[in-house]
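Quick notes on the structure that follows.
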Amino acid sequence: MRAVCPGSFDPITLGHLDIFTRAAEQWDEVTVLVTYNPNKNGLFTAEERVDLIERSIAALPDAPQNINVDVWDKLLVDYLNEHDIKAMVKGLRSSLDYEYELPMAQMNQRLSGADTFFLLTKPEYGYISSTLCKEVAKYGGDISGLLPGPVVEAVQAKFN
């Protein structure tokens, strides 16, 4: 079975990486799908995000071989339907994430028949978000231990 882990990942955090690797233990193939709005300016381009995700996965001591990375700028359900994927995996840090994700999961299920599987974030990653990491980095704070090594360097380079 195949699953998709969709998100903007601007940038990927250690929490995201944990969800990807845990999903890879449950599904035969996991696609980390970088979704983005081409009309919005993120810190990284979609291509940079793909590169950072691939480098972060490759840097793992026991890097899973069943994770690939793709990019999509249309409706998520269109990707699911085009690739005949019936499972999405999302990480939940708190009940706030659940409240945000639930209506999207229900709409995606209605439009594509795909189910969303929620993995609870490990406690050590529960407070980490891409937005907070960017803000800390912008003001010179230490983001090591929050983001994978290749991402720390890339974020610091954007703000220097």
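None of these values were measured; they are calculated from a predicted model.
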K158 with E48: basic N within carboxylate O range, under 4.0 Å: yes
message: So that I can tick it off, tell me whether R93 and D97 are bridged by a salt bridge, with the cut-off set at under 4.0 angstrom between side-chain N and carboxylate O.
response: yes
Transitively linked via ILVMFWY side-chain contacts under 4.5 Å: [X] with [Y]?
{"X": "I12", "Y": "I143", "answer": "yes"}
{"X": "I85", "Y": "V30", "answer": "no"}
{"X": "M88", "Y": "V71", "answer": "no"}
{"X": "Y79", "Y": "F117", "answer": "no"}
{"X": "F20", "Y": "L146", "answer": "yes"}

Is there a side-chain contact between [X] and [Y] in this structure, where contact means two heavy atoms from C-beta onward sitting under 4.5 Å apart?
{"X": "Q106", "Y": "N108", "answer": "no"}
{"X": "V155", "Y": "V151", "answer": "yes"}
{"X": "P148", "Y": "R55", "answer": "no"}
{"X": "V4", "Y": "V32", "answer": "no"}
{"X": "I128", "Y": "C133", "answer": "yes"}
{"X": "E101", "Y": "T116", "answer": "no"}

message: Are there over 12 heavy-atom neighbours, none belonging to M104, within less than 6.0 Å of that residue's CE?
response: yes
- prompt: Counting heavy atoms not belonging to F159, are there more than 12 under 6.0 Å from its CZ?
  reply: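 Above 12, so yes.
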task: Can you run down the salt bridge (Lys or Arg N to Asp or Glu O under 4.0 Å) pairs that involve residues 133-157, sequence neighbours left out, and say none if there aren't any?
output: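 Found D10-K134.
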Heavy-atom donor-acceptor pair, R49 side chain to L43 backbone, under 3.5 Å: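 It does not hold such a pair.
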message: Using 0.5 Å steps for rounding, measure from the CD1 atom of I19 to the SG atom of C5.
response: 7.5 Å
- prompt: Does the side chain of T31 come under 3.5 Å of the side chain of D70 through a donor N or O and an acceptor N or O?
  reply: no
